[in-house]
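Values below: all heavy atoms of this structure, side chains included; hydrogens, waters and symmetry mates excluded.
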Amino acid sequence: MSRSYFLKEMAIEARAETSIYKEVVQGWLGKFRPLPSTYAAYPEIRSVLINPSPFNVDIANRVLENWSSASGASDVYLLNANGLTIAASNWDNPVTFIGQNYSFRPYYTQAMQGRLGRFFALGVISGKRGYYLSHPVRYEHQTIGVIVVKLTVEEIEQELRARQNEIFVTDEAGVVIIASHPDWRLKTVDILNDKAISRIETERQYSVDTLDLLPIDNVEAKPDQKFGALVSTVADRSEKRKTEFLQYALPMTAEKWNIHLLVPTESARISAMLVSLVVSSILTVALLIAVILLQRRDRLMQMLEFRERARLMLENKVEERTADLKRSNEELRQTQSELIQAGKMAALGQMSTALSHEFNQPLTAIRTYAENANAFMDRGMDDKASENMRRILILTERMAKLSKRLSAFARKPNDNVAVIRLRDAVDEALELLQARIERSGVELSVSVDPKLCFLGGQVRLQHVLMNLIVNAMDEMTERDEKWIKIGSERVEDKVIVRVQDSGAGVPEEIKDKIFDPFFTTKEVGKGVGLGLSISYNIIRDFGGVMRVHNEVQGGACFTLELNAANENDLEEK
């Protein structure tokens, strides 16, 4: 029962983490999705399709080469109405796409039907994995060709490989197309059926003979689809031995893909073992007391002798239990760092949930503006339709900015110490907390020198600042006067950061305990006592010091003392 409970708690955290990785992959694809439709509108593209003279082809080749270099795409090439490549960004390479016919590819068929084409496959010439985006090129209400943008997946795989857990993406046939584990790429999660094999061979998507099964074994006969499945495999960065993982998957509807996350279950098993040990110890002691009482009633005439025997027996049992508890305390200290990391992931899940409404409101407004623009265009009111489209653009830019901030915060930070601009970390933290600050009614004032730099990590300092601001807002919930002041100054070789609030301050009797792990003054269920402990250790890792004191006029003031750095070092880096 304990193990099941902790696995379900781990599954909830895995769902939040998988959602973040899903946004990372979708954000990477979103950078390139508008390119084909943009390129299709250029006059040079239409000209070479209408008149494929050597002069026009040469111009188109150089334009496509510039686009490929500027956008970061692997290749950009142009197909005529028959699927023949007439211009390509790799026109001057020994192995070029020019002269190749790709009419068998689905992205060609989709574009010729007037749709945005999407397709993941191995390159016919290069043999490398790539994601293809295509769009029809139209002239006088006719489709005269197809523009194609090819992306390689090495960039997104390097980003996923930097994460702590194993992540991979499968297509609709169950083939692993993107994976942080190099050996898992182009493996299948199950045996392919005849229909899938036929489609893959027709579209020349992969080499069917090389699609081996993914080396992941199910631990459970009937996995719980809601909470994921227990599997065993050899992780990429492990000791090359099989380990148990919780596998969680989320669909990516637009691409018909699924993104999978593998989380080690070792921490859940250790927690379950500790709970079971404590419960069994309590039950054993309770049973022992019951037996002693029964024996006292049944052997009343031998009470004195029995008392002596029971006392000796109880002392022996207490010594055994004391030794067991000492061993348990050692195991608890060994797993404390893992529990602190679990607390960080839970805080990240809460922050992502709190920001969800920030996306729902712009999405609702975008739909309304889109419907209005459509109605205005039907009535010939192009100026009003353009105004609605401009508002949609503003809202989408806002959503993209929020998504970028959230993804950056979710990314596991580099433990190395670097030169960081203090104002950047403060701005990032305030932007992620903007909605909560506005709802709380707290007056926020920031006085941070934009030139101040320190030695540390931007995301980790951002985590510390967010923790202090959220704690201050929670403390001032019932107060009439609510304000938070963030200030900074440089004193010799130190950068001093102060976060002051108008709350009741920190009671003197708990000042020495406030940075201890699992110490909290909040109600049960509203805090686990890890926030300030994690923040304290982050500042200590930077080589700094974190302190707290109460101001004379009231309220608490947390002081961060960091090692200063020069702005010139930041620019050179």
- Query: Any side-chain heavy atom of Ile144 sitting closer than 4.5 Å to one from Ile50?
  - Reply: yes
- Task: For Lys451 and Glu567, indicate whether the former's side chain and the latter's backbone hold a donor-acceptor pair under 3.5 Å.
- Result: no
- Query: Knowing that exactly one of Leu262, Thr233, Val263 qualifies, which makes a side chain to side chain contact (heavy atoms under 4.5 Å, CB included) with Gln247?
  - Reply: Leu262
- Exactly one of Ser126, Ser89, Ser74 clears side chain to side chain donor-acceptor pair (under 3.5 Å) with Lys150, and that residue is Ser126
- Determine yes or no for a side-chain-to-main-chain donor-acceptor pair under 3.5 angstrom, with Asn101 supplying the side chain and Ser103 the backbone. yes
- Task: Output, in order, the C-alpha distance, side-chain angles, deciding distance and verdict of side chain to side chain contact (heavy atoms under 4.5 Å, CB included) for His260 and Val169.
- Result: CA-CA 6 Å; His260 304 255; Val169 179; over 6 Å; no
- Query: More than 12 non-hydrogen atoms from neighbouring residues, nucleotides or ligands closer than 6.0 Å to CG on Asp383, yes or no?
  - Reply: yes
- Item | Side-chain heavy-atom pair Ile98, Ile86 within 4.5 angstrom cut-off | no
- Task: Evaluate the criterion side chain to side chain contact (heavy atoms under 4.5 Å, CB included) for residue pair Arg269 and Phe6; output intermediate values, then yes/no.
- Result: CA-CA 8 Å; Arg269 289 190 287 106; Phe6 287 111; over 6 Å; no
- Message: With side chain to side chain contact (heavy atoms under 4.5 Å, CB included) as the criterion, how do Ile259 and Val25 come out once you've worked through the C-alpha distance, each side chain's angles and the decisive distance to 0.1 Å?
- Response: CA-CA 9 Å; Ile259 184 165; Val25 176; 4.0 Å; yes
Please list, one pair per line, the donor and acceptor atoms closer than 3.5 Å that link side chains of residues 27-47 to other protein atoms, with sequence neighbours excluded.
unit_1 : atom_1 : unit_2 : atom_2 : d
Lys31  : NZ     : Glu155 : OE2    : 3.3
Arg33  : NH2    : Glu255 : OE2    : 2.8
Ser37  : OG     : Pro34  : O      : 3.0
Thr38  : OG1    : Pro34  : O      : 2.9
Arg46  : NE     : Arg138 : O      : 3.4
Ser47  : OG     : Pro43  : O      : 2.8

- Message: Does Arg460 qualify as a cation-pi partner of Phe542, given the criterion of NZ or CZ under 6.0 Å from the six-membered ring centre and within 45 degrees of its axis?
- Response: no
- Query: Under 4.5 Å between any side-chain heavy atoms of Trp184 and Pro215, yes or no?
  - Reply: yes
- Query: Is the backbone of Gly83 close enough, under 3.5 Å, to the side chain of Asn80 for a donor and an acceptor to pair up by distance?
  - Reply: yes
- Query: So which heavy atom on Pro182 is nearest to which on Arg161, and how close?
  - Reply: CD-NH1, 3.2 Å
- Message: Exactly one of Phe97, Tyr102, Tyr107 should register a ring-ring contact (aromatic ring centres under 6.0 Å, His included) with Tyr132. Which one does?
- Response: Tyr107
- Taking only residues two or more places apart in sequence, or in another chain, which ones meet Tyr131 in a ring-ring contact (aromatic ring centres under 6.0 Å, His included)? Trp257
- Message: I need the minimum non-hydrogen distance between Val417 and Leu455, along with the two atoms involved.
- Response: CG1-C, 3.5 Å
- Query: If you count the non-hydrogen atoms of other residues, nucleotides and ligands that lie under 6.0 Å from CE in Met252, is the total more than 12?
  - Reply: yes
- Task: Specify the closest pair of heavy atoms between Ser68 and Ala73, including all atoms of both residues, with the distance to one decimal.
- Result: OG-O, 3.1 Å
- Message: Does any part of the side chain of Met381, heavy atoms only, come nearer than 4.5 Å to the side chain of Arg379, both counted from C-beta?
- Response: yes
- At their closest point, which heavy atom of Leu250 faces which heavy atom of Arg15, and how far apart are they? CD2-NH1, 3.7 Å
Could you tabulate the donor-acceptor pairs under 3.5 Å formed by side-chain atoms of residues 56-67, not counting sequence neighbours?
unit_1 : atom_1 : unit_2 : atom_2 : d
Asn56  : ND2    : Asn51  : O      : 2.9
Asn56  : ND2    : Ser53  : OG     : 3.4
Asp58  : OD1    : Arg62  : NE     : 3.4
Asp58  : OD2    : Arg62  : NE     : 3.3
Asn61  : OD1    : Ala88  : N      : 3.0
Asn61  : ND2    : Val57  : O      : 3.3
Glu65  : OE1    : Trp91  : NE1    : 3.1
Asn66  : ND2    : Arg62  : O      : 3.2

- Query: Do we see a donor-acceptor contact under 3.5 Å between the side chains of Ser207 and Asp209?
  - Reply: no
- Message: Please evaluate residues Ile197 and Tyr206 with respect to the criterion side chain to side chain contact (heavy atoms under 4.5 Å, CB included), reporting the C-alpha separation (whole Å), side-chain torsions for both, the decisive distance (0.1 Å), and the verdict.
- Response: CA-CA 10 Å; Ile197 292 175; Tyr206 312 114; over 6 Å; no
- Looking at side-chain heavy atoms only, is the closest gap between Leu213 and Ile191 below 4.5 Å? yes
- d(Ser198 OG, Leu192 CG) to nearest 0.5 Å is 12.0 Å
- Message: Just by distance, no angles: are the side chains of Glu154 and Gln158 close enough, under 3.5 Å, to form a donor-acceptor pair?
- Response: no
- Query: Which pairs with one or both residues in residues 176-190 pass salt bridge (charged side-chain N to carboxylate O under 4.0 Å, His left out), sequence neighbours excluded?
  - Reply: Glu157-Arg185
- Sequence neighbours excluded, which residues qualify as salt bridge (charged side-chain N to carboxylate O under 4.0 Å, His left out) partners of Glu203? Arg199
- Query: Does a side-chain heavy-atom distance below 4.5 Å link Val176 with Asp171?
  - Reply: no
- Quick one: NE2 on His135 to CD1 on Ile147, what's the gap to the nearest 0.5 Å? 11.0 Å
- At their closest point, which heavy atom of Ile125 faces which heavy atom of Val95, and how far apart are they? CG2-CG1, 2.6 Å
- Is there a donor-acceptor pair closer than 3.5 Å between any side-chain N or O of Gln110 and the backbone N or O of Arg118? yes
- Task: Identify the two heavy atoms, one from Asn566 and one from Val419, that lie closest to each other, and give their separation to 0.1 Å.
- Result: O-CG1, 3.9 Å
- Message: Test your reading of the model: is there a side-chain donor-acceptor pair from Arg129 to the backbone of Leu122, 3.5 Å cut-off?
- Response: no
- Qualifying salt bridge (charged side-chain N to carboxylate O under 4.0 Å, His left out) pairs with a residue from residues 82-98, counting only residues at least two apart or across chains: none
- Task: Kindly indicate whether the side chain of Val148, heavy atoms from C-beta on, has any atom under 4.5 Å from the side chain of Val76.
- Result: no
- Query: Would you say the side-chain atoms of Thr85 and Gln100 include a donor-acceptor pair closer than 3.5 Å?
  - Reply: no
- Note on the structure: In this structure, CZ of Arg105 is separated from CG of Leu79 (nearest 0.5 Å) by 11.0 Å
- Query: For the side chain of Ser180 and the backbone of Glu166, is there at least one donor-acceptor N/O pair under 3.5 Å apart?
  - Reply: no
- Query: Hey, what do you get for CG (Asp427) to CD (Gln458), rounding to the nearest 0.5 Å?
  - Reply: 9.5 Å
- Residue pair Val175 / Thr170, side-chain heavy-atom distance below 4.5 Å: no
- Side chains of Asn165 and Glu17: is there a donor and an acceptor less than 3.5 Å apart? yes
- Rounded to the nearest 0.5 angstrom, the CD-OH distance for Glu159 and Tyr21 is 10.0 Å
- Message: To the closest 0.5 Å, what do you measure between CG (Leu186) and OG1 (Thr210)?
- Response: 6.5 Å
